[in-house]
**Student:** 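If you scroll down you'll find the structure; I have some questions about it.
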Amino acid sequence: MSAPENPTNQYTVPSVSIATARTGASGKVNALGMRPMQERAYAKRGEQYLLIKSPPASGKSRALMFIALDKIQNQGLKQAIIVVPERSIGGSFADEKLTEHGFWADWVVRPQWNLCNAPGEDNGKVAPSKVKALGAFLASADTVLVCTHATFRFAVDEFGIEAFDGRLIAIDEFHHVSSNPDNKLGSQLGQLITRNQVNVVAMTGSYFRGDTVAVLAPEDEARFETVSYTYYEQLNGYTYLKWLDIGYFFYTGRYLDAIMKVLDPSQKTIVHIPNVNARESLKDKHKEVDEILGALGEWKGRDETTGFHLIELKDGRTIHVADLVDDSDASRRSKVLSALKDPAQKDNRDNVDIIIALGMAKEGFDWIWCEHALTIGYRSSLTEIVQIIGRATRDAPGKERSRFTNLIAEPAADEAVVVDAVNDTLKAIAASLLMEQVLAPRFEFTPKNQGPKDGFDYGEGGYQEDKSNLGVNAKTGEVHVEINGLAVPRSAEAARICREDLNEVITGFIQDKTVLERGLFDKDNTLPEELTQVQLGKIVRDRYPDLSEEDREAVRQHAIAVLNITQQAKQKLAEMDAKGEQGNTSLIDGVRKFVNVRDLDIDLIDRINPFDAAYAVLAKAMDEKVLRQVQASIAAKRVAIPLDEARDLAKRALLFKNERGRAPDINSSDAWERKMAEGVAALARHLAQQKAADARGGTNG
């Protein structure tokens with residue numbers, strides 16, 4: 001795969017390629033000037049606590065404007081305070097003439113109340129003048145203020161929770177909040193909700209936090225009404241963008257020797273160089289930028305107006321490169337940033353060609369022309385990866401295809417601790433799998449023979465009794481799939497989880513290092529049911545301890561159905577592509593192909609390793625010798641069945657006994673039956689050891 005003269009593999013292997021219908025629906029507006037997501041959110045404007053989950057570029061900022069104006073004008077709230085994570089995002093809430101598009105009021109923020117534009121520190125040390133200004137706003141008759149998360153935190157400390165009574169608190173990029181007691185904004189939000197004297201609108205484009213900590217305590221989260229607008233709906237409704245590719249690409253040696261294999265100067269690209277602590281970093285960010293510029297072509301100086309580098313390519317064309325890494329000259333950096341944000345250049349495709357960044361150009365950075373987000377090295381936060389990919393998913397004239405590439409250092413086959421070296425690879429694959437789930441259509445699962453659903457097209461023959469039916473709602477992008485033997489949620493909370501939170505369940509599953517290692521690299525010794533039933537079952541139980549056993553099983557089944565059907569659909573598309581059959585095939589075609597060839601039941605879904613499709617990509621992209629060494633190392637790490645896993649296997653064995661009238665046989669020809677029997681035996685050993693230890697303790701006492 002890799003040769004000494006070629007330090008990278010010879011091609012990028014896309015992990016997933018999403019094709020969309022380009023219906024144009026995402027950009028259509030109603031009589032009030034609202035796009036589909038905004039209309040959906042506005043319909044819930046009367047809710048006291050509202051959570052909007054919606055991808056970048058879907059119009060969350062404007063949705064908030066519509067809702068805030070209604071709450072102040074028609075719902076009796078005094079003021080709206082818009083809280084954003086960093087000053088640059090404050091620009092999203094600048095004045096908007098909403099009446100020009102049919103709404104009944106304009107959005108106006110008086111200059112002194114947009115604290116994101118005020119001078120002074122915001123990171124850690126908030127200028128006292130900003131806190132004082134927020135206090136002055138609370139005492140004024142004006143209605144809208146915009147500030148950073150930091151300013152708001154310090155103001156709550158200064159003025160107390162009760163000072164915000166009767167107001168709307170709107171928190172943008174809500175995934176920055178956490179239920180962790182150390183997260184100040186999270187604990188303050190919890191206090192505001194407990195006092196119950198404010199309205200809250202929370203907005204996020206990330207669908208999950210990157211650190212697996214819950215955003216809200218369960219009792220607080222239950223008070224929020226959720227408005228979801230999926231990535232799939234957003235992309236499917238675009239006018240121009242048809243394809244989105246997500247892939248990872250391995251290299252050996254220095255990334256600077258490999259980067260031109262994936263960096264195409266003819267594509268509008270944001271390059272995120274590695275963090276200084278990353279394995280891929282060369283520990284000198286300025287030198288890294290210089291080498292990238294040199295690899296692109298011949299440096300011809302800087303543009304005096306914008307501060308962009310001028311690089312002449314081999315074909316004679318000159319491109320403009322914005323360097324956001326260089327922080328040695330504050331005035332020059334400010335000039336570059338201003339040139340990127342210049343409203344007059346927003347629709348100018350030729351303003352800039354490539355942006356090189358380290359910590360910037362992620363969240364809230366709006367460059368609609370971006371066709372390629374190239375990230376070097378693993379990013380510790382899945383949220384950050386979602387945000388980076390979001391930079392390339394804007395719709396723009398002439399932009400038919402965009403992609404995200406993660407360039408990762410392949411561990412050398414002779415490295416002593418190859419498993420440690422492959423950790424970044426595992427995390428990158430986890431991020432890729434999660435993005436596939438975020439980009440997938442929304443599934444609605446029912447047991448067989450429940451009848452057709454309104455608004456769904458079931459294909460040429462329509463809905464058919466006793467078959468595995470698959471229906472598609474062209475308007476919403478939802479897919480209805482019937483699964484024989486599927487458990488149905490009993491409680492309202494379990495139904496909500498199956499409807500809204502399956503991505504969070506899948507995130508916990510995929511981020512479990514043991515699950516990922518065994519599912520990818522120890523396939524010969526790991527039965528799919530160990531992953532799909534035991535490990536995923538444990539994650540659901542830990543995450544939702546208050547649900548009944550039946551509801552937890554329903555959530556588990558829905559989560560594994562979403563994950564495995566998406567993965568199998570992807571695999572079908574890859575097979576079609578290999579035969580030259582794919583063309584402009586969408587993920588729904590892959591789902592249809594998977595569902596139509598068999599009678600779909602939950603037992604079948606549980607017998608599929610969720611990581612099979614990812615492994616197929618990995619096997620093509622990674623050096624075979626390294627792959628074998630990693631597999632051997634992880635297989636060697638296997639230990640005796642631990643107590644909690646033995647308990648789960650014993651529970652599965654009891655279900656087996658209830659269904660079959662006999663206990664699982666340890667000598668059975670069926671591997672999963674043998675595993676359940678091993679679990680029963682392991683549990684007996686654990687209990688016997690515990691009993692003996694207790695007896696010894698009693699004797700000693």
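This one's a predicted model, so the numbers in the text were calculated from it and none came from an experiment.
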**Student:** May I ask you to say whether Arg607 pairs ionically with Asp603, meaning some side-chain N is under 4.0 Å from a carboxylate O?
**Tutor:** no
**Student:** Given Leu600 and Phe594, is the side-chain contact (heavy atoms from CB on, under 4.5 Å) satisfied, shown in steps?
**Tutor:** CA-CA 9 Å; Leu600 208 58; Phe594 170 62; 3.8 Å; yes
**Student:** Between His686 and Ile641 (side chain of the first, backbone of the second, donor and acceptor by atom type, cut-off under 3.5 Å), is there such a pair?
**Tutor:** yes
**Student:** Could you check whether any side-chain N or O of Asn406 sits under 3.5 Å from a backbone N or O of Gly377, counting only pairs where one atom can act as donor and the other as acceptor?
**Tutor:** yes
**Student:** Is there a side-chain contact (heavy atoms from CB on, under 4.5 Å) between Ser228 and Arg442 once you walk through the steps?
**Tutor:** CA-CA 10 Å; Ser228 289; Arg442 185 194 287 270; 3.0 Å; yes
**Student:** Taking the side chain as every heavy atom from C-beta outward, state whether Leu433 and Gln567 have any pair of such atoms under 4.5 Å apart.
**Tutor:** yes
**Student:** I would like to know whether Glu529 and Lys675 meet side-chain contact (heavy atoms from CB on, under 4.5 Å); could you show each step before the answer?
**Tutor:** CA-CA 9 Å; Glu529 293 94 334; Lys675 189 71 188 181; over 6 Å; no
**Student:** Under the criterion salt bridge (charged side-chain N to carboxylate O under 4.0 Å, His left out), I'd like the reasoning laid out for Asp648 against Arg652: C-alpha separation, chi angles, the key distance, then a yes or no.
**Tutor:** CA-CA 6 Å; Asp648 287 336; Arg652 295 282 164 190; over 6 Å; no
**Student:** State, yes or no, whether a side-chain contact exists between Ile52 and Met37 at a heavy-atom distance under 4.5 Å.
**Tutor:** yes
**Student:** Does any N or O in the side chain of Asn449 come within less than 3.5 Å of the main-chain N or O of Asp466, such that one atom is a donor and the other an acceptor?
**Tutor:** yes
**Student:** Heavy-atom distance under 4.5 Å between the side chains of Pro441 and Thr230, does that happen here?
**Tutor:** no
**Student:** Does anything in residues 655-664 form a salt bridge (charged side-chain N to carboxylate O under 4.0 Å, His left out)? List the pairs, not counting sequence neighbours.
**Tutor:** Arg662-Glu673
**Student:** Can you tell me how far OH of Tyr544 sits from CZ of Arg552, rounded to the nearest 0.5 angstrom?
**Tutor:** 12.0 Å
**Student:** Report the distance from atom CG of Leu439 to atom CG of Asn236, rounding to the nearest 0.5 Å.
**Tutor:** 11.5 Å
**Student:** Enter the distance from Leu434:CG to Thr507:OG1 here, rounded to the nearest 0.5 Å.
**Tutor:** 4.5 Å
**Student:** Does the side chain of Lys448 reach to within under 4.5 Å of the side chain of Asp601, using non-hydrogen atoms?
**Tutor:** no
**Student:** Decide whether Gln533 and Asp606 meet the rule of one side-chain donor and one side-chain acceptor closer than 3.5 Å.
**Tutor:** yes
**Student:** Closest heavy-atom contact between Pro447 and Leu486?
**Tutor:** CG-O, 3.7 Å
**Student:** Please step through side-chain contact (heavy atoms from CB on, under 4.5 Å) for the pair Arg592 and Val472, ending with a clear verdict.
**Tutor:** CA-CA 10 Å; Arg592 188 175 280 115; Val472 178; 3.5 Å; yes
**Student:** Decide if atom CZ of Arg628 counts as having more than 12 heavy atoms of other residues, nucleotides or ligands within a radius under 6.0 Å.
**Tutor:** yes
**Student:** Ignoring hydrogens and geometry, is there a side-chain-to-backbone donor-acceptor pair from Glu645 to Pro642 under 3.5 Å?
**Tutor:** no
**Student:** Please examine the side chains of Asp501 and Arg496, heavy atoms only from C-beta on, and report whether any two atoms are closer than 4.5 Å.
**Tutor:** yes
**Student:** Is the closest basic N to carboxylate O distance between Lys453 and Glu444 below 4.0 Å?
**Tutor:** yes
**Student:** Closest heavy-atom contact between Ala554 and Cys498?
**Tutor:** O-SG, 4.2 Å
**Student:** How far apart are the closest heavy atoms of Ile560 and Pro610, and which atoms are they?
**Tutor:** CD1-CG, 3.9 Å
**Student:** Just so I know, are the side chains of Leu536 and Val505 near enough to count as touching, which here means a heavy-atom distance under 4.5 Å?
**Tutor:** yes
**Student:** For the backbone of Val515 and the side chain of Gln535, can you confirm whether one donor and one acceptor N or O come within less than 3.5 Å of each other?
**Tutor:** no
**Student:** Kindly compute the distance separating CZ (Phe611) from CG (Leu516), expressed to the nearest 0.5 Å.
**Tutor:** 5.0 Å
**Student:** So which atom in Met676 and which in Phe656 form the shortest heavy-atom distance, rounded to 0.1 Å?
**Tutor:** CE-CD1, 3.6 Å
**Student:** For Tyr49, which residues count as a ring-ring contact (aromatic ring centres under 6.0 Å, His included) partner, sequence neighbours excluded?
**Tutor:** Phe224
**Student:** Please determine whether a side-chain nitrogen of the Lys or Arg among Lys651 and Glu553 lies less than 4.0 Å from a carboxylate oxygen of the Asp or Glu.
**Tutor:** no
**Student:** Quick one: pull up CD in Glu500 and OG1 in Thr226 and give me the separation to the nearest 0.5 Å.
**Tutor:** 5.0 Å
**Student:** Under the criterion side-chain contact (heavy atoms from CB on, under 4.5 Å), which of Thr446, Val562, Ile565, Asn469 is the partner of Val481?
**Tutor:** Ile565
**Student:** With His480, which of Phe443, Tyr463, Tyr458, Phe445 fulfils ring-ring contact (aromatic ring centres under 6.0 Å, His included)?
**Tutor:** Tyr458
**Student:** Between Arg490 and Glu550, is there a salt bridge with N-O shorter than 4.0 Å?
**Tutor:** no
**Student:** Using modelled atom types only, decide if a donor and an acceptor are shared between the side chain of Asp551 and the backbone of Ala494 within a distance under 3.5 Å.
**Tutor:** no
**Student:** Hey, are the side chains of Phe509 and Leu531 touching, using non-hydrogen atoms and a 4.5 Å cut-off?
**Tutor:** yes
**Student:** Testing the basics here: between Ala487 and His558, what is the closest heavy-atom pair and its distance to 0.1 Å?
**Tutor:** O-CE1, 3.3 Å
**Student:** Rounded to the nearest 0.5 Å, how far does CG of Leu683 lie from CG of Leu643?
**Tutor:** 6.5 Å
**Student:** Do Thr566 and Gln437 touch side chain to side chain, with heavy atoms closer than 4.5 Å?
**Tutor:** yes
**Student:** If you compare all heavy atoms of Gly508 against all heavy atoms of Ile539, which two are closest, and at what distance to 0.1 Å?
**Tutor:** O-CD1, 3.6 Å
